[in-house]
Amino acid sequence: MENTRELVLDMLAEITSGKEYSHRVIGQVLEKYDYMSGQDKAFMKRLTEGTIERQIQLDYVIDSVSKVPVRKMKPLIRNLLRMSVYQILFMDAVPDSAACNEAVKLAGKRKFHGLKGFVNGVLRNVIRQKDGIAYPDRQKEPVKALSVLYSCPEWIVEMWDGEYGAERTEKILKGLLEIHPVTLRIDETLGAAEKEEALAELEKETKEVRPHPYLPYAVTVQGIEGLHRLSAFRKGKITVQDISSMLAVEAAGISPGDTVLDVCAAPGGKSFHAACKTGPEGLVLARDVSEKKAALLRDNKERMKKEQVKIQVQDALDPDPDSVESADVVLLDAPCSGLGILGKKRDIKYRVSEESLRSIVVLQRAIVDTVWRYVKPGGVLVYSTCTIHKEENQDMAAYITGNYPFRAESLQPYLPECLCSRETEKGSLQLLPGIHESDGFFIARFRRI
C-alpha cells in the first residue's frame with residue numbers, strides 16, 4: 001500500500017526544485033496511482049496544492065516556533081514541516097497527533113533519524129500555539145500582513161494595492177484562495193435533446209452541477225473525478241474551458257463563415273469555441289509554437305470533431321506573409337505572467353518576478369508587432385491575457401491603438417449585462433477573482449480601421 005504523505009513529500013520536492021509546475025506534477029502522480037481510492041487521491045491533491053498555495057504563511061508559522069529558520073533547513077525537512085503544519089492548520093479531518101506522528105516516521109524513513117526530535121518539537125509547538133499565532137499587525141505592516149495571511153509575495157500585494165487599492169486587493173487575494181469549481185462549456189451547436197443528455201450524465205457523475213451566471217452554455221461542476229471517462233466528454237459535447245476564455249470568444253463577435261486566426265491557440269479552448277461560431281462553412285486556423293502544442297490541439301480536434309479547425313505549427317513572432325489581411329478575426333491570447341490564475345497554478349507566484357514581468361511585456365509587444373497585419377481591414381482583433389497587471393493589459397491595449405490602425409470597440413453587445421461598465425463601453429474588461437465569478441483575465445476588442 002502506498003504512503004500518501006510520502007508521495008506528497010516527493011511531489012513537493014519536485015515542485016519546489018523549480019523543475020516542473022505543480023499542476024503537471026500532481027496530474028502525473030494521480031494518473032500513475034489511478035488505482036488508489038478516490039479519498040486517498042483527493043487527500044494527496046489537497047495536501048500538495050494547499051502546502052504550495054499557503055507556503056508563505058506556513059513558513060511564517062514555522063519560523064515563529066523554530067530556532068532554525070525555514071530557509072536554513074534541509075529541503076526535505078522544510079517540505080515535511082510545511083505539509084504537516086498545513087494539515088494542523090487547515091485540514092480539520094486530520095487529527096493533530098496524526099500529522100505530527102506521521103511526519104516523525106517519515107523523517108526516520110528518509111534517513112533523518114537525528115532530526116526526528118526536531119520535527120516532533122516544532123510540530124508540537126505549532127499544535128500548542130496554533131490558536132494564538134501572532135501575525136503581522138495590519139495597521140503597522142499592511143502589505144506584510146496581507147502577504148502572510150494570503151501567502152502572496154509582498155511585491156505582488158504592493159503592485160495590486162497601487163492599482164486597485166487595499167480593499168479590492170484583499171478581495172482578489174481572498175478570491176484566489178477559494179475553492180475553484182471546474183467550468184465546462186457545452187457545445188452550442190448541440191440540439192436540445194443532446195444538451196439534456198450531456199447535462200444528465202454530468203449530474204450523475206458529480207457532486208454539484210450549476211449553470212454559470214455569465215453564459216447559457218457554461219456550467220460549473222464540483223467533485224468530478226475522471227472527466228475523460230464521461231461519454232459526453234469523449235464525444236466532444238462538453239469540454240473544460242474557463243468562463244473568461246469563453247467571454248473572450250464572445251467578445252470577438254464571430255459570424256458563420258468567418259475566417260478566424262488563433263495565433264497562440266494551445267490547448268485550443270478558444271479555437272474550438274470559435275469553430276462553434278463560424279460553423280462548418282467557416283475556417284479556424286489554430287496555431288502554436290511547437291509540435292508538442294500542436295499535438296495537444298490535434299487530440300482535442302479528434303475529440304470535438306470540428307473539421308473547420310486547421311492546426312499549424314507557427315511561432316507568433318515569425319511573420320507569415322500568406323496571412324496578411326486574411327482573417328476576419330484574430331484571437332491573440334498573449335503569453336503572460338499568469339497572475340490571474342494563481343488559484344489554479346499555485347506556484348506561479350513564487351516563480352514570477354518584477355524582472356520577468358518586464359520581459360513578458362517586451363514579448364507581448366513583439367507578437368503584436370507581427371500579428372496585427374493578419375486582420376483584414378474592417379476586421380477584429382481580440383487581445384487577452386490571464387493576468388492582473390496593468391502593463392500587460394491596459395497599457396498593451398493603449399500600445400495597440402497608439403501604434404497600429406486599430407480603434408478600441410465597445411464590448412457591451414457581447415457581454416452579460418452584469419459585466420458591463422464604463423470600462424467595457426470603452427473596449428476592455430478586467431476580470432478579478434473574488435469580485436467576478438472567474439479567473440483573473442483581461443479582454444480588449446479592436447476594429448481595424
Side-chain angles (χ1 to χ4, degrees), residues 15-24 52-60 63 69-71 78 136 138 140-177 244 264 289 316-317 332-369 383-400 402-403 428 430-435 439-444:
I15 294 162
T16 54
S17 73
K19 291 174 186 171
E20 189 59 278
Y21 282 101
S22 59
H23 64 287
R24 289 185 188 140
I52 293 295
E53 187 165 59
R54 293 277 188 175
Q55 186 175 299
I56 291 173
Q57 185 178 4
L58 297 173
D59 286 0
Y60 180 89
D63 278 342
V70 171
R71 70 180 186 278
R78 184 189 302 139
R138 295 185 67 144
K140 294 176 182 172
E141 299 178 287
V143 170
K144 187 176 182 181
L146 289 179
S147 170
V148 171
L149 186 61
Y150 296 105
S151 276
C152 190
E154 287 187 35
W155 72 268
I156 296 177
V157 176
E158 207 157 10
M159 179 176 76
W160 287 345
D161 185 57
E163 291 183 16
Y164 297 105
E167 189 180 334
R168 288 191 107 194
T169 296
E170 185 161 10
K171 283 183 181 177
I172 293 167
L173 292 166
K174 191 175 181 181
L176 288 167
L177 291 180
S244 53
C264 301
V289 68
L317 289 168
L332 171 51
D333 191 37
C336 70
S337 58
L339 295 177
I341 52 171
L342 298 183
K344 292 177 180 173
K345 298 182 178 179
R346 293 157 176 85
D347 45 337
I348 288 175
K349 58 189 172 185
Y350 311 120
R351 296 175 182 233
V352 73
S353 65
E354 291 175 270
E355 188 182 336
S356 71
L357 289 192
R358 286 191 288 273
S359 64
I360 284 167
V361 170
V362 171
L363 173 62
Q364 290 172 340
R365 288 189 176 194
I367 292 173
V368 168
D369 293 343
Y383 174 86
S384 60
T385 72
C386 57
T387 194
I388 308 167
H389 176 218
K390 187 170 175 284
E391 284 182 51
E392 294 176 76
N393 294 340
Q394 290 86 351
D395 289 358
M396 278 301 303
Y399 177 79
I400 291 168
N403 290 277
S428 68
Q430 176 69 69
L431 294 161
L432 299 168
I435 293 164
D439 290 336
F441 203 86
F442 179 78
I443 303 166

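Taking the side chain as every heavy atom from C-beta outward, Arg54 and Leu177 approach each other to under 4.5 Å. Side-chain contact between Tyr60 and Pro136: present, with at least one pair of heavy atoms (C-beta onward) separated by less than 4.5 Å. By the 4.5 Å heavy-atom criterion applied to side chains, Asp347 and Tyr21 are counted as neighbours. When side chains are defined from C-beta on, Ser356 does not count as touching Ser337, because their heavy atoms never get closer than 4.5 Å. Put simply, the side chain of Leu432 does not reach to within 4.5 Å of the side chain of Lys171, judged on heavy atoms.
Looking at residues two or more places apart in sequence or on another chain, you find no side chain to side chain donor-acceptor pair (under 3.5 Å) involving Ser428. Under the side chain to side chain contact (heavy atoms under 4.5 Å, CB included) criterion, Val70 pairs with Asp59, Ile62, Asp63, Met73, Arg78, Arg82, not counting sequence neighbours. Applying the ring pair (Phe, Tyr, Trp, His ring centres under 6.0 Å) criterion to Tyr350, with sequence neighbours excluded, gives no partner residue. Partners of Arg358 according to the side chain to side chain contact (heavy atoms under 4.5 Å, CB included) rule, which considers only residues two or more places apart in sequence or in another chain, are Glu354, Glu355. Considering only residues two or more places apart in sequence or on other chains, Asn403 meets the side chain to side chain contact (heavy atoms under 4.5 Å, CB included) condition with Tyr399. In terms of the side chain to side chain contact (heavy atoms under 4.5 Å, CB included) criterion, residue partners of Leu363 (sequence neighbours excluded) are, by chain and number, Leu317, Pro335, Ile367. Shown here are the salt bridge (charged side-chain N to carboxylate O under 4.0 Å, His left out) partners of Lys349, two or more places apart in sequence or in another chain: there are none. Applying the side chain to side chain donor-acceptor pair (under 3.5 Å) criterion to Asn393, with sequence neighbours excluded, gives Thr385, Gln430. For the salt bridge (charged side-chain N to carboxylate O under 4.0 Å, His left out) test, residues two or more places apart in sequence or in another chain that qualify with Arg24 are Glu20.
Here the OG1-CD distance, from Thr16 to Gln55, works out to 7.5 Å after rounding to the nearest 0.5 Å. In this structure, Leu58 CG and Glu53 CD are separated by 10.5 Å, a value rounded to the nearest 0.5 Å. Rounded to the nearest 0.5 Å, atoms CD1 (Ile156) and CG (Leu339) are 5.0 Å apart.
Shown here for Gln57 and Leu149, the closest heavy-atom pair between the two residues is OE1-O, 3.5 Å. Considering every non-hydrogen atom in both Leu431 and Ser244, the closest pair reads CD1-CB, 3.8 Å. Heavy atoms only, all atoms of each residue included: Ala334 and Tyr383 are closest at CB-CE1, 3.7 Å. The two residues Pro433 and Gly340 make their nearest non-hydrogen contact at CG-O, 4.5 Å.
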>> Could you go through Phe442 and Gln394, starting from their C-alpha distance and side-chain angles, then the distance that decides it, and tell me whether this counts as side chain to side chain contact (heavy atoms under 4.5 Å, CB included)?
In response: CA-CA 8 Å; Phe442 179 78; Gln394 290 86 351; 4.0 Å; yes
>> One pair to check against side chain to side chain contact (heavy atoms under 4.5 Å, CB included): Leu146 and Arg138. What are the steps and the verdict?
In response: CA-CA 8 Å; Leu146 289 179; Arg138 295 185 67 144; 3.6 Å; yes
> Does the side chain to side chain contact (heavy atoms under 4.5 Å, CB included) test come out yes or no for Lys344 and His23, once each step is laid out?
Replying inline: CA-CA 8 Å; Lys344 292 177 180 173; His23 64 287; over 6 Å; no
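Remark: the backbone N or O of Ile341 is not paired with any side-chain donor or acceptor of Asp439 at under 3.5 angstrom.
Sequence neighbours left out, the pairs with a member in residues 140-165 that pass side chain to side chain donor-acceptor pair (under 3.5 Å) are Tyr150-Glu170. Identified under the salt bridge (charged side-chain N to carboxylate O under 4.0 Å, His left out) test for residues 384-396, with sequence neighbours left out: Lys390-Asp395.
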